[in-house]
Amino acid sequence: MKNLTRLFILTFLITLSQSTWGQNNTKFHVELDYSYQVGLGEHLHDYDYHFSGSLGGHALTVNMLYNITPALTTGIGIGLSRYTSEYYSDDNTMPLYASLRYRPIRSCRPFYTYTDIGYALLGDGKNSDNSNFTGGMLWNFGAGYQLMFHRHFGLNFKIGYNLQQFRNQGIITVSSNTTGDNYNSGVIWRSLWRHSIQLGFGFIF
């Protein structure tokens with residue numbers, strides 16, 4: 001049993017060491033990633049707003065990437081995300097984005113930095129005609145690490161920052177008249193911005 005355990009550990013270490021040299025053998029590859037969003041805060045554009053409660057989220061994305069050089073990768077991605085809030089309604093997004101990755105350490109190609117920029121499709125706000133999705137810009141940046149066990153199979157790990165815009169969020173306002181005995185209410189529309197830490201894990205094909 002001890003010999004079998006040692007053989008397994010040795011095989012794993014050999015595979016791990018070989019994986020660090022196989023990151024760019026394939027020009028084109030696809031990633032299927034899951035990310036969890038740890039919400040840091042929210043703010044409304046041009047409006048005094050203080051969020052409360054915990055913020056979170058989940059995302060499934062598919063990235064289609066092309067290695068231009070061993071150090072530089074570019075591509076596009078699309079996904080489905082759900083941003084959660086403890087005291088307010090959740091937001092669904094369908095992000096479409098361009099992705100850029102750079103591997104700054106020549107001796108460690110599995111390590112990379114990344115940035116994504118794009119837009120969430122199919123909605124302009126919770127009160128738009130398509131109320132299932134919320135539209136808005138997005139921006140991600142961070143760092144990741146890839147482990148390749150085969151030419152077309154590996155694991156991807158990443159951590160980063162996520163900024164997501166939720167367009168056309170309705171805010172109910174209440175104001176009193178000049179005499180103070182009556183109140184007027186209305187709705188104004190603002191963009192809500194969510195700041196999150198992004199923790200990701202996925203598969204490389």
Side-chain angles (χ1 to χ4, degrees), residues 28-66 73-102 112-144 146 156-173 187-205:
F28 176 79
H29 59 279
V30 177
E31 291 179 355
L32 176 62
D33 285 337
Y34 165 79
S35 295
Y36 178 71
Q37 317 284 1
V38 181
L40 300 176
E42 293 180 326
H43 75 273
L44 281 165
H45 176 69
D46 196 29
Y47 189 80
D48 186 18
Y49 164 78
H50 301 282
F51 79 94
S52 59
S54 61
L55 305 172
H58 309 270
L60 283 175
T61 57
V62 177
N63 300 312
M64 292 156 283
L65 302 169
Y66 183 81
T73 300
T74 188
I76 59 172
I78 191 169
L80 291 172
S81 303
R82 184 172 182 84
Y83 290 84
T84 60
S85 177
E86 184 176 359
Y87 298 125
Y88 303 98
S89 58
D90 299 339
D91 286 277
N92 300 316
T93 66
M94 181 180 287
L96 177 66
Y97 53 88
S99 184
L100 182 66
R101 298 183 178 181
Y102 179 65
Y112 65 90
T113 60
Y114 72 91
T115 185
D116 307 320
I117 187 167
Y119 194 85
L121 308 176
L122 299 183
D124 286 328
K126 295 178 182 176
N127 296 288
S128 65
D129 293 336
N130 191 341
S131 59
N132 291 327
F133 290 92
T134 302
M137 296 182 61
L138 71 92
W139 179 45
N140 304 321
F141 72 87
Q146 296 178 335
N156 184 47
F157 306 89
K158 64 182 180 181
I159 182 171
Y161 168 79
N162 167 253
L163 176 64
Q164 177 67 55
Q165 176 195 26
F166 306 118
R167 292 192 58 208
N168 296 336
Q169 302 295 292
I171 304 167
I172 298 176
T173 61
V187 178
I188 61 175
W189 303 95
R190 294 289 187 272
S191 286
L192 179 68
W193 296 87
R194 169 81 66 92
H195 306 266
S196 304
I197 295 295
Q198 186 178 64
L199 306 172
F201 167 81
F203 298 94
I204 306 167
F205 303 99

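- Put simply, the side chain of Leu55 reaches to within 4.5 Å of the side chain of Ser85, judged on heavy atoms.
- Ser81 approaches Ala59 most closely through the heavy-atom pair OG-CB, 3.3 Å.
- Once rounded to the nearest 0.5 Å, the distance linking CG of Leu96 with CG of Asp116 reads 11.0 Å.
- Considering only heavy atoms from C-beta on, Tyr83 stays 4.5 Å or farther from Leu192 through its side chain.
- The nearest pair of heavy atoms linking Gly57 to Thr84 is N-OG1, 3.6 Å.
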Worksheet item: For Thr115 and Tyr102, what are the C-alpha separation, side-chain angles and deciding distance, and is it a side-chain contact (heavy atoms from CB on, under 4.5 Å)?
Response: CA-CA 9 Å; Thr115 185; Tyr102 179 65; over 6 Å; no
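- To the nearest 0.5 Å, the span separating CG on Leu40 from CD1 on Ile197 amounts to 5.0 Å.
- For the atom pair Ile78 CD1 and Tyr97 OH, the distance stands at 9.0 Å (nearest 0.5 Å).
- Between the CG atom in Leu100 and the OG1 atom in Thr73 there is a gap of 8.5 Å [rounded to 0.5 Å].
- No side-chain donor-acceptor contact under 3.5 Å links Gln165 to the backbone of Gly136.
- Using the six-membered ring where Trp is involved, Phe201 and Phe203 have ring planes that are perpendicular, over 60° apart on the 30 and 60° scheme.
- The number of heavy atoms from other shown groups lying within 6.0 Å of CE (Met94) is above 12.
- Atoms CH2 and CD, on Trp193 and Glu42 in that order, are 12.5 Å from each other to the nearest 0.5 Å.
- Looking at residues two or more places apart in sequence or on another chain, you find a side-chain contact (heavy atoms from CB on, under 4.5 Å) between Tyr161 and Trp139, Phe141, Leu163, His195.
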Item to complete: Walk me through it: do Glu31 and Lys158 pass the test salt bridge (Lys or Arg N to Asp or Glu O under 4.0 Å)?
Response: CA-CA 12 Å; Glu31 291 179 355; Lys158 64 182 180 181; 5.9 Å; no
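- To the nearest 0.5 Å, the span separating CD1 on Ile117 from OG on Ser99 amounts to 11.5 Å.
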Item to complete: Output, in order, the C-alpha distance, side-chain angles, deciding distance and verdict of salt bridge (Lys or Arg N to Asp or Glu O under 4.0 Å) for Arg194 and Asp91.
Response: CA-CA 11 Å; Arg194 169 81 66 92; Asp91 286 277; 5.4 Å; no
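- Residues His29 and Phe205 place their aromatic rings such that the two centres sit no closer than 6.0 Å.
- Between the side chain of Asn63 and the main chain of Val30, no donor-acceptor pair closer than 3.5 Å is present.
- Considering only heavy atoms from C-beta on, Asn140 comes within 4.5 Å of Tyr114 through its side chain.
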